[in-house]
Number of protein chains: 2
Amino acid sequence: MSSKNEVQDFKTKEPCTHKARGIDVAELKAQCLHCDLNAVCHPPSLDVKELESLDQWFPTRRRLQRGETLFNLGEPFNALYAVRSGFFKTLVPNDSQRDQVTGFLMTGEILGMDGIGGGRHACRAVALEVSEVCLMPYGNVDEIATSFPTLHAHLNRLMSQRIVQDQAAFQILANMRSESRLAAFIVDLGKRFSRLGYSPNTFVLRMTREEIGSYLGLSLETVSRLFSRFQEDGLVDVQTRHLQITNPEGLADIASGRPAH
Amino acid sequence: MSSKNEVQDFKTKEPCTHKARGIDVAELKAQCLHCDLNAVCHPPSLDVKELESLDQWFPTRRRLQRGETLFNLGEPFNALYAVRSGFFKTLVPNDSQRDQVTGFLMTGEILGMDGIGGGRHACRAVALEVSEVCLMPYGNVDEIATSFPTLHAHLNRLMSQRIVQDQAAFQILANMRSESRLAAFIVDLGKRFSRLGYSPNTFVLRMTREEIGSYLGLSLETVSRLFSRFQEDGLVDVQTRHLQITNPEGLADIASGRPAH
DNA sequence: CGGCCCGTTGATTCGTCTCAAAGAGTGTGG
DNA sequence: CCACACTCTTTGAGACGAATCAACGGGCCG
C-alpha cells in the first residue's frame, strides 16, 4: 500500500531542525546506557548499573522511510515506540471520508500508548520523514515494572502527561477560532523543537497543509490563508515548509485567544 | 466559594438513572471486597485474598454535595478518585472567559489521572449532584504496583483507554458539525449509562445546555436548537433534562457524520 | 517535457455565534 | 401559599467566520 511512498527519499534541505545523529544502520542493538533519549524513556533516578541491565529489555530499533507505516489501526499491540529521530503522524482512517490526523510526534516522544488499553492499536502511525524508533516490547513492561518500579512510575507519568496534552488540544479545538488554533499549533511545535535543543522560532514543517488542517479541524485552504495572513501581520515568515516566527509574543497572544481586532 | 451551593439538596425526581445504593454515611471505610466497583478499580484476576489485603490501601470515601469541588486546578495531586455514585464535570477555569468543560464523569469512572504526570491536578472536578468517591492515595500506588503487578497493569490499561477516548473526542470536535457532535455526545452518554445497567436510551442529563455547549465547543443556544431539531425529526424526546432516544439508529447515523440532507 | 502533488488565492454558500427577548422551572422570603 | 428572584431554556434575527468550489502557479519526478 505504501510501498510506492517508501521509495521516495527525503531531500535533506532543512536548515536546522534535525542534525544528523550519526547512527550506524548496522547497529541495531540499542544501548540505553549511551542513548540520548535516556531522559525520556527512563526516570532520572536510574543509575548506570540499572541502565546496563535494562539493555536486555530494549534490544531492537527500526528504521522507516518517509511514508512508511510503523503500525496500523487494529494491529495487535505489543510494543511501545520511542522516536529516536524523525517525525511521525498518527491518524485514524475515516472510511470514505478523508483520514483524520490525530497527532504529530517528534524525536523523544512515545508512540503507541493508545494500544495498552485495548490490546490493539487505536490509530495508524506513519513516518513523515526518514525516522528511527526504539522498540519497547510491552510484554516485558510488566516484568520491568517489578524489577524497576521507578521505571513503571515513569511510564505512568508519561501517560498522564499525554492525557493533559490531549486535554489542552481538546480545549483549543473546542473554543478557539481558526487563527488561534493555528497559532497555538505553531507555538506548540516551537516548544517541542526547543526541548530538543533547536530554536523554538525557526523550523521546518514536516507535514502538508492538509495534514495540519485535518489535525486542527480546518480546511487546507484556511490553513494556507492563515499562514499568509500571519505573514502579512509580521508574525511569521513562511516559505512553504520553512517557518520562522518573527513575533513570538504576538503569535502567543493570538494562540491564547486574544485577537487584535 | 461553593458553600452556598452545597446547601442545595438535590430533588430525587429522576426516573431511572441512579438507583439508591443504600450507602451508610457513617461507613467511611471502604471495602473493596464487597464493592460493586470492583471490576473498574481492579483487574479481574485478583482473588478474594488479594482484595482483602487491598483494603488496607483504599481506606477512605468522600461524599460531595451538588456544586462541591472535589479537587481544584493546581492543587497538589495525591490521590485518584473512583466515582462510586453521582456525576462530575471537569473543567479548566479560563481566566476572564467562560470556563471550559473538559469532561463528564459518572459512576464507575476514574477521576484525577491528569495529576499523575505533573504532580498537580490539571483541572477542577465539581460534583453535578450528590456524589460519592473512593479515594486511592497515589503515594501508595507505587507500593501497590510492587505487591500487585496486575493491579498496576490495570491502571495502565485505564489510562490508555482514557487516551483513546480523548482521541475519539478530539476527532469529533475536529471534523464533525454541530449536529454530529451533539448526537455523538448523546449516544456516548447512553453507552456509559448502559454499562451501569441502565437503559442506554432513557436518562437524565445532569448538566446544563451551557456545560454541554462548552464541552462540545458550541454555544448553549446551538445546543438547545439542536435538541429541538432532533425532537422534530423524531430522533429523541426531550423534556428539558429528561431525555429519551426514540430513534437510536438515526441518531447514531448523525453521530457518525452521515447527515440525512 | 508532461504529470502530479502541493500550495495559494478568489468568489460564493452555509453554518454557527452573537445579541436579544421571552417563557419555564425552582428556591426564597414575606 | 403566593409573589419574586434567579437560573436555565427556548426561539428569533442578523452578522461573521470558515467550508466549498474553482482556477492557477510552483516544485519535483519520471
Side-chain angles (χ1 to χ4, degrees), chain A residues 2 4-13 66-67 97-98 101 128-129 173-183 204-214 216-232 236 238-243 254 257 259 261, chain B residues 2 4-14 65-67 89 97-98 101 128-129 173-183 204-214 216-232 236 238-243 254 257 259-261:
Chain A
S2 59
K4 270 279 177 51
N5 289 333
E6 290 168 23
V7 185
Q8 302 169 3
D9 207 3
F10 192 76
K11 293 298 174 206
T12 55
K13 277 173 66 179
R66 180 187 182 191
Q97 301 166 242
R98 69 174 184 185
V101 175
L128 290 178
E129 61 178 6
L173 236 56
N175 50 19
M176 298 292 199
R177 275 204 320 298
S178 60
E179 53 177 17
S180 298
R181 295 191 197 183
L182 185 62
V204 173
L205 299 167
R206 249 56 226 202
M207 67 297 279
T208 67
R209 303 289 191 258
E210 182 168 20
E211 284 162 344
I212 297 175
S214 173
L216 296 176
L218 303 171
S219 70
L220 68 97
E221 295 97 330
T222 299
V223 174
S224 178
R225 272 185 252 268
L226 285 170
F227 272 127
S228 302
R229 179 137 61 91
F230 286 170
Q231 176 136 354
E232 281 173 29
V236 299
V238 212
Q239 303 295 328
T240 56
R241 302 280 180 104
H242 296 252
L243 194 145
I254 291 182
H261 67 73
Chain B
S2 60
K4 269 278 175 53
N5 290 335
E6 292 168 21
V7 184
Q8 303 171 2
D9 207 3
F10 192 76
K11 293 296 172 208
T12 54
K13 275 175 66 181
E14 66 271 46
Q65 294 303 308
R66 181 189 182 187
K89 67 174 172 182
Q97 303 166 241
R98 69 175 184 183
V101 175
L128 290 178
E129 61 179 5
L173 236 55
N175 53 16
M176 298 290 198
R177 276 204 321 298
S178 59
E179 52 176 17
S180 298
R181 295 190 197 183
L182 185 61
V204 173
L205 300 167
R206 248 57 223 199
M207 68 297 278
T208 68
R209 303 289 191 258
E210 182 168 20
E211 285 162 342
I212 296 174
S214 172
L216 296 177
L218 303 171
S219 70
L220 69 94
E221 295 96 330
T222 299
V223 174
S224 179
R225 272 185 252 269
L226 285 170
F227 272 128
S228 302
R229 181 139 59 91
F230 286 171
Q231 176 136 354
E232 281 172 28
V236 300
V238 212
Q239 303 295 328
T240 55
R241 302 279 180 104
H242 295 254
L243 194 146
I254 291 182
H261 68 71

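In what follows, every chain begins at residue 1, and chains take the letters A, B, ... in the order their sequences are listed.
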What integer distance in Å separates B:His242:NE2 from C:dG25:P? 11 Å
Round to the nearest Å and state the distance from A:Arg66 atom CZ to D:dC28 atom C1'. 10 Å
In whole angstrom, what separates A:Arg225's CZ from D:dA19's P? 9 Å
Minimum-distance nucleotide to B:Ser219 side chain [options: C:dT18, D:dT10, D:dA18]: C:dT18
Under 4.0 Å between any heavy atoms, over every strand shown, what does A:Ser178 touch: base, sugar-phosphate, or nothing? Just pick one. sugar-phosphate
Using a 4.0 Å heavy-atom cut-off, does A:Gly213 contact any base of the nucleic acid, only the sugar-phosphate backbone, or nothing at all? nothing
So do B:Arg66 and B:Leu128 actually touch side chain to side chain, heavy atoms under 4.5 Å? no
Tell me which nucleotide among D:dA19, C:dG7, D:dT11 gets nearest to the side chain of A:Arg241. C:dG7
From C-beta outward on B:Arg177, which listed nucleotide comes closest to its side chain: C:dG7, D:dC8, C:dT16? C:dT16
Length of the CZ-P vector between B:Arg181 and C:dC17, whole Å: 8 Å
At 4.0 Å (heavy atoms only), tell me whether A:Thr208 reaches a base, stays on the sugar-phosphate, or touches nothing. sugar-phosphate
Using atom CD of A:Gln239 as one end and atom P of C:dC6 as the other, report the distance to the nearest whole Å. 19 Å
Rounded distance in Å - CG (B:Leu218) to P (D:dA18): 15 Å
Minimal non-hydrogen separation, B:Leu205 against B:Thr240, with atom names: CD1-O, 4.3 Å
Could you tell me how far apart A:Leu226 (CG) and C:dT9 (C1') are, to the nearest whole angstrom? 13 Å
Compare all side-chain heavy atoms of A:Leu216 with those of A:Leu182 and state whether any distance is below 4.5 angstrom. yes
Whole angstroms only, please: what is the CG-P distance between A:Leu220 and C:dT9? 13 Å
Taking the side chain as every heavy atom from C-beta outward, state whether B:Met207 and B:Lys89 have any pair of such atoms under 4.5 Å apart. no
Of the nucleotides C:dG7, D:dT20, C:dT16, which has the atom closest to the A:Glu221 side chain? D:dT20
Could you tell me whether A:Arg206 and A:Glu129 make a salt bridge, using a distance below 4.0 angstrom between a side-chain N and a carboxylate O? yes
